[in-house]
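Report on one structure; see the data block that follows.
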Amino acid sequence: SLPCDIYGAAGTPCVAAHSTTRALYAAYNGPLYQVQRASDSARTNIGLLAAGGYANAAAQDSFCAGTTCLITEIYDQSPRHNDLTIEGPGGAGGQDTGVPADALPVTAGGHQVYGASFSGRMGYRDNTTSGVAVNGQPEGMYMITSGTHVNDRCCFDYGNAETNNLDTGNGHMDALNFGTECWFQPCNGTGPWVQADLENGLFQSSAGGSQNTANTGTKFPFVTALLKNNGQNFFALKDGNAQSGSLRTTYSGPEPTTGSGYAPMHQEGAIVLGTGGDNSNGSIGSFFEGVMTAGLPTDAADNAVQANVVSVGYGGPTGTTGSLTAGSELSLRATTACCTGDYLRHQNDSAVISPVSSGSSTVDKSDATWIVRKGLADASCVSFESRNYPGDFLRHFNFKVQRQPMDGSAAFRADATFCPVAGKNGQGTSFRSYNYPTKYLRHYNFSVYIADTSGTNAWDSATSYNDDTSWVAGQPWAP
Ligand code: AHR
Ligand code: AHR
């Protein structure tokens, strides 16, 4: 059974089921989302490979070939048709845009699919819903998000919000929040935390934040975030690693006591994704799937949903390894005599080379593993997505190479695109910068740049240039 089959059988049917990656009912075979391309403004729906299966990402790739696409709508798979469209202006933020459709390539069920990667000023909403809890009715919700693409701005939310994009008071929202914004100081650690946005506060407990030491935050690349609220006198928060294991309850108890209006709740029944209730839209985040239920789900149903999510294998290997084909995972080894045990990896957001071997830590191995993607600016070239930071790519900036989240801009796409040619020293491959075609991916003093031998930067040195720009693609280090 898929998540909405599980919740339905438990007597708490889904009233919203949104995903860009997969069906959330075994019988669902409709569209998942709509994309619009820049070249001619045409739109198309992206559906499933099979009923109850995974997104037909190849249909998006061909529709968007040679141009760029935004996600303009995320369909509700539930019979309620609570579809999410791009959010309009609100009390705290102007008109939003849609997310770039190809910014968050991931694997699910062994298929290449796309998540939704939110930069600031991106959000979706439905202010005229059917079946969603209002005025103290019980409800539950979960979303699959990422612990590696977060910030401390308001408010990366999914769930129940106001129907007019304004802050209409305490208890008028009941939404999941995920990020590093600590509303009730101090919080435990640095987050990101799964929190409840109940309006005018991101709650980790009835008292707010730090009073709840159980909420230590969760940094996994794929995170299960869960909230349920009986609308009267109880809410609960759970988090988990969406790739393995079970859920942890970080809070289960009374509604907030930080002000009046939360007990009973006053939900209005709109659905928001990516912003706060008043369209506060400074937050960033990732979204793969999420549902909302009518009624308070049982813990047994929550556990069964988590088991189903884990079975999807989000972010797992695609099966192809070691090659420069899109979807393959690989490591890139340096070939200069100094450094033949060194691999291209990210460290503190920068690209460097450092030794990696079978005895290295999982972090070092994951930092040195890249997923080959079709070039973000030119499909005949390649881009490198980080294995442990989904949606982050290698890109150059001021000629220095770093790991950053794809923001959909033409500049990012160009900076993150590299065109493979035969290795300049006769070994492996050299990677020509798409937008600085005289420059190649090069290590210099253990940092990584794009460089040529006619430039004036230290890393444009002619010494060992051919060796420093030649990389051997090999088996990925990450487990
Ligand atoms: O509750 C936190 C935020 O406060 C809400 O999302 C927003 O509506 C208000 O600004
Ligand atoms: O990146 C390591 C070494 O640093 C390179 O081989 C050389 O160009 C520089 O001295």
For this session: Calculate, to the nearest 0.5 Å, the distance between atoms CH2 and OG belonging to Trp370 and Ser328 respectively.
Result: 14.5 Å
Exercise. When you measure from the side chain of Asn56 to the backbone N and O of Leu48, does any donor-acceptor pair fall under 3.5 Å?
Worked result: no
Exercise. Sub-3.5 Å donor-acceptor pair from the side chain of Thr68 to the main-chain atoms of Ala38, do we have one?
Worked result: no
Exercise. Is any side-chain heavy atom of Thr85 less than 4.5 Å from a side-chain heavy atom of Asp126?
Worked result: no
For this session: Could you tell me whether Arg121 and Asp96 have a side-chain N and a carboxylate O separated by less than 4.0 Å?
Result: no
Exercise. Roughly how far apart are Leu32 CG and Tyr75 OH, rounded to 0.5 Å?
Worked result: 10.0 Å
Exercise. Mind checking whether Lys219 and Thr190 have side chains closer than 4.5 Å, heavy atoms only?
Worked result: yes
Problem set entry | Asp40 CG: over 12 foreign heavy atoms closer than 6.0 Å | yes
Exercise. Only one of Arg125, Met122, Gln36, Gln95 forms a side chain to side chain contact (heavy atoms under 4.5 Å, CB included) with Ile86, so which one is it?
Worked result: Gln95
Exercise. Does some side-chain heavy atom of Pro420 sit less than 4.5 Å from a side-chain heavy atom of Val382?
Worked result: yes
For this session: Answer with yes or no whether the side chains of Tyr158 and Thr145 bring together a donor and an acceptor at under 3.5 Å.
Result: no
Problem set entry | Donor-acceptor under 3.5 Å (Gln243 side chain, Tyr314 main chain) | yes
Exercise. Phe393: what forms a ring-ring contact (aromatic ring centres under 6.0 Å, His included) with it, not counting sequence neighbours?
Worked result: none
Problem set entry | Ser19 versus Leu24, closest heavy-atom pair with distance | CB-CD1, 4.0 Å
For this session: For the residue pair Asn215 and Asp239, establish whether any side-chain heavy-atom pair is separated by less than 4.5 Å.
Result: yes
Problem set entry | Contact check, side chains of Thr20 and Val113, non-hydrogen atoms, under 4.5 Å | no
Exercise. So, do Tyr114 and Tyr33 have ring centers that fall under 6.0 Å from each other?
Worked result: no
Exercise. Nearest 0.5 Å, what's the CG-CD1 distance between Asn151 and Ile284?
Worked result: 4.5 Å
Problem set entry | Flag, side chain of Asp76 to backbone of Asn82, donor-acceptor distance under 3.5 Å | yes
Exercise. Does the ring center of Phe431 lie less than 6.0 Å from the ring center of Phe418?
Worked result: no
Exercise. With distance as the sole test, does Arg413 use its side chain to make a donor-acceptor pair with the main-chain N or O of Gly408 at under 3.5 Å?
Worked result: yes
Exercise. What do you reckon, is CZ of Phe63 surrounded by more than 12 foreign heavy atoms closer than 6.0 Å?
Worked result: yes
Exercise. Are Ser283 and Glu181 linked by a side-chain donor-acceptor pair shorter than 3.5 Å?
Worked result: no
Problem set entry | Nearest heavy-atom neighbours spanning Asp5 and Ala26 | OD2-N, 2.8 Å
Exercise. Is there a donor-acceptor pair closer than 3.5 Å between any side-chain N or O of His81 and the backbone N or O of Ser130?
Worked result: no
For this session: Start with the C-alpha gap between His396 and Tyr436, add the side-chain angles, then the distance that decides, and say whether side chain to side chain contact (heavy atoms under 4.5 Å, CB included) holds.
Result: CA-CA 10 Å; His396 62 83; Tyr436 289 88; 3.6 Å; yes
For this session: State, yes or no, whether a side-chain contact exists between Pro192 and Phe156 at a heavy-atom distance under 4.5 Å.
Result: no
Exercise. Centres of the Phe203 and Tyr251 rings: under 6.0 Å?
Worked result: no
For this session: Determine whether Arg80 and Pro13 make a side-chain contact, defined as any pair of heavy atoms from C-beta on separated by less than 4.5 Å.
Result: no
For this session: Could you list the residues that satisfy side chain to side chain contact (heavy atoms under 4.5 Å, CB included) with Asn188, not counting sequence neighbours?
Result: Thr213, Thr216
Exercise. With distance as the sole test, does Asn348 use its side chain to make a donor-acceptor pair with the main-chain N or O of Ser350 at under 3.5 Å?
Worked result: no
For this session: Describe, in one word, how the ring planes of His443 and Trp471 are oriented to each other, choosing from parallel (under 30°), tilted (30 to 60°) and perpendicular (over 60°).
Result: perpendicular
Exercise. For the residue pair Ser383 and Leu376, what are the closest heavy atoms and their distance?
Worked result: OG-N, 3.0 Å
For this session: Answer yes or no: is there a donor N or O on one side and an acceptor on the other, between the side chain of Asp152 and the main chain of Gly179, under 3.5 Å?
Result: no
For this session: Please report the shortest heavy-atom distance between Leu296 and Pro138, naming the atom on each side.
Result: N-CB, 3.9 Å
For this session: Evaluate the criterion side chain to side chain contact (heavy atoms under 4.5 Å, CB included) for residue pair Val421 and Tyr440; output intermediate values, then yes/no.
Result: CA-CA 10 Å; Val421 300; Tyr440 288 79; 3.8 Å; yes
Exercise. Hey, mind stepping through Tyr124 and Val99 against side chain to side chain contact (heavy atoms under 4.5 Å, CB included) and telling me if it holds?
Worked result: CA-CA 9 Å; Tyr124 298 86; Val99 303; 3.6 Å; yes
Exercise. Looking only at atom types and distance, does a side-chain atom of Asn398 sit under 3.5 Å from a main-chain N or O of Lys400, one as donor and one as acceptor?
Worked result: no
Problem set entry | Spacing of CG belonging to Asp83 relative to OG1 belonging to Thr129, to within rounding of 0.5 Å | 11.5 Å
Exercise. Regarding Ser433 and Asn435, is there a side-chain donor-to-acceptor distance under 3.5 Å anywhere?
Worked result: yes
Exercise. Rounded to the nearest 0.5 Å, how far does OG of Ser78 lie from CE of Met292?
Worked result: 10.5 Å
Problem set entry | Atom pair SG/CH2 of Cys187 and Trp193 - distance to nearest 0.5 Å | 4.5 Å
Exercise. Looking only at side chains, do Ser354 and Arg345 share a donor and an acceptor under 3.5 Å apart?
Worked result: yes
Seminar exercise, completed: What one should report as the nearest heavy-atom pair of Thr148 and Pro221 is CG2-CA, 4.0 Å
Exercise. When you look at Leu330 and Leu324, which way does the side chain to side chain contact (heavy atoms under 4.5 Å, CB included) test go after all the steps?
Worked result: CA-CA 8 Å; Leu330 50 59; Leu324 284 164; 3.8 Å; yes
Exercise. Can you name the nearest heavy-atom pair linking Ser430 to Thr469, along with the distance?
Worked result: OG-O, 2.7 Å
Problem set entry | Within-4.5 Å side-chain heavy-atom neighbours: Val448 and Leu441 | yes
Problem set entry | Distance flag, aromatic centroids of His18 and Phe287, threshold under 6.0 Å | no
For this session: State whether a side-chain donor-acceptor pair under 3.5 Å links Gln112 with Tyr54.
Result: no
Exercise. Between Glu329 and Thr369, do the side chains contain an N or O donor and an N or O acceptor separated by less than 3.5 Å?
Worked result: no
Problem set entry | Asn165 side chain to Gly88 backbone, donor-acceptor under 3.5 Å | yes
Exercise. Do Asn388 and Ser386 have side-chain N/O donor and acceptor atoms under 3.5 Å apart?
Worked result: yes
Problem set entry | Sequence neighbours excluded - side-chain hydrogen bond (donor to acceptor under 3.5 Å, both in side chains) pairs with any residue from residues 294-303 | Tyr7-Asp302, Lys228-Asp299, Lys228-Asp302, Lys238-Asp299, Lys238-Asp302
Problem set entry | Member of Gln404, Arg387, Arg403 meeting the side-chain hydrogen bond (donor to acceptor under 3.5 Å, both in side chains) criterion with His346 | Arg403
For this session: Check the angle between the aromatic planes of Tyr28 and Tyr25 and answer parallel, tilted or perpendicular using the 30° and 60° thresholds.
Result: tilted
